[in-house]
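Each chain gets a letter, A, B and so on, in the order the sequences are listed, and its residues count up from 1.
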There are 2 protein chains.
Amino acid sequence: MLSQTAIYALRAIGYIAAQKNTHLVLAKVISEEMKIPKNFLSKILHKLAQKGFIESIRGTNGGFRLGKPAKEISLAQIVEIFMNIAPFQSCFLGIHSCQSCGITKKWDTISKQIMELLEGSTVDQIFPDIETKKKNAKQSNKKCKE
Amino acid sequence: MLSQTAIYALRAIGYIAAQKNTHLVLAKVISEEMKIPKNFLSKILHKLAQKGFIESIRGTNGGFRLGKPAKEISLAQIVEIFMNIAPFQSCFLGIHSCQSCGITKKWDTISKQIMELLEGSTVDQIFPDIETKKKNAKQSNKKCKE
DNA sequence: TTTTTAGTTGACAAACAGATGAATAAGTGT
DNA sequence: ACACTTATTCATCTGTTTGTCAACTAAAAA
């Protein structure tokens, strides 16, 4: 359905969005919490940073935060960086001549809903409940001036 | 969405089903008509034959035909031979702890429709209009006792 | 200035999907 | 018996995705 990489990307940016920008998030923490291989995640985050969806800060007390308001980042924008979403919109059987068959019609209805889900949802909806999750566990990081 | 192999399999068995069992279909013809690499198709057909969805007859005037009535073969039965359809039914983001979020709820609705499409459609619906397509072009095969 | 932290980058390996070619086995018709 | 046709099987190749390792760069702190 979604590629593994796209799923990782959504989980990662969803996790960052859930912090409500109150502090920077370490790649290491995202990796552990979201069960994403550390170095593979680094590359995903870098791509997201290139596109401006997140910002990266290097060095001590560095980390990642959103590059724009969460409500302005749709799932579709993230997914299409890491995979081709065109197949969702085209013929179920990869045949362009079967416009009229019942299967294709049903698929059209479904694919419209999928695109609506991807384009109509934003990254703050991914983890609506975990914004305070890591705050206490990471008291050791409280030194940083947030 | 569907793997390329699953799409090939649906096109192939759809083509065979469209012949209404009036005559055997050559792998070569399926390959050409359905734009599927010949040798790759052979392996797909072999798997379908193993599972009893089609029958293969070797030698001169051989070919393939359905192994059971078209209306008893659902798209889901074919697809699941060539790919894992579980992801359609599980969480959008591969996380089992987000039962309540709005995205997951919407995805549940969509995935139910996908499964309904796959399980509720049969292979005779794939190409409802081409049953006589190759009959005339293949008059040279008319020798066979059909 | 040195050390530590943390993101960046490139090389690479494993696994898989998709595709290809050639040899083989099993039937049919002469 | 023989030639021919057609499916079967095996070995291999390619490209992509996913994942790993390690060296590198930048920034802050000591």
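Legend: side chain to side chain donor-acceptor pair (under 3.5 Å) pairs involving residues 34-51 of chain A, not counting sequence neighbours: none detected.
Atom-to-atom, CD1 of A/I54 to C1' of C/dA6 comes out at 14 Å; the value is rounded to the nearest Å. Remark: C1' of C/dT8 and CD1 of A/I57 are 14 Å apart, rounded to the nearest angstrom. Atom CG of B/L26 is separated from atom C1' of D/dC4 by 14 Å (rounded to the nearest Å). Separating the CD1 atom of A/I81 from the P atom of D/dT17 is a distance of 15 Å, rounded to the nearest angstrom. One can place CD of A/E32 at 12 Å from P of C/dA6, the figure rounded to the nearest angstrom. When rounded to the nearest whole Å, the span between CG of B/L24 and P of C/dT28 equals 11 Å. Atom CZ in B/F64 sits roughly 12 Å away from atom P in D/dT6 (whole-Å rounding). One interatomic measurement links the two molecules: CG of A/N84 to C1' of D/dT17, which rounds to 14 Å at whole-angstrom precision.
Of the side-chain N and O atoms in B/S42, none sit less than 4.0 angstrom from OP1 or OP2 of D/dT9. The side chain of A/N61 contributes an N or O atom lying less than 4.0 Å from OP1 or OP2 of D/dA29. Residue A/S56 has a polar side-chain atom (N or O) positioned under 4.0 Å from OP1 or OP2 of C/dT8. Using a 4.0 Å cut-off, no side-chain N or O of A/H46 falls inside it from OP1 or OP2 of C/dG7.
Residue B/A9 comes nearest to B/F82 through the heavy atom pair CB-CE1, 3.4 Å, listed as atom of the first residue, atom of the second, then distance.
A salt bridge does not link B/E116 with B/K112: every distance from a Lys NZ or Arg NE/NH1/NH2 to an Asp or Glu carboxylate oxygen is 4.0 Å or more.
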Please table the atom pairs, donor to acceptor, closer than 3.5 Å between any side-chain atom in residues 117-128 of chain B and protein atoms at least two apart or in another chain.
from, atom 1, to, atom 2, distance (Å)
B/S121, OG, B/L117, O, 2.7
B/T122, OG1, B/D124, OD1, 2.4
B/T122, OG1, B/Q125, OE1, 3.4
B/D124, OD2, B/K71, NZ, 2.4
B/Q125, OE1, B/T122, N, 2.7

Check your understanding: What does nucleotides 12-25 of chain C look like as a protein-contact string, B for base, S for sugar-phosphate only, - for none, at under 4.0 angstrom between heavy atoms?
Key -> ------SBBBB--B
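Scored by the side chain to side chain contact (heavy atoms under 4.5 Å, CB included) test, A/P37 finds A/Y8, A/F40 as partners (sequence neighbours excluded). Listed by chain and residue number, A/E55 satisfy the side chain to side chain donor-acceptor pair (under 3.5 Å) test with A/R65 (two or more places apart in sequence, or in another chain). The ring-ring contact (aromatic ring centres under 6.0 Å, His included) check on A/F53 picks up nothing, with sequence neighbours excluded.
Using a 4.0 Å heavy-atom criterion, one finds that B/L45 contacts no nucleic acid atom at all.
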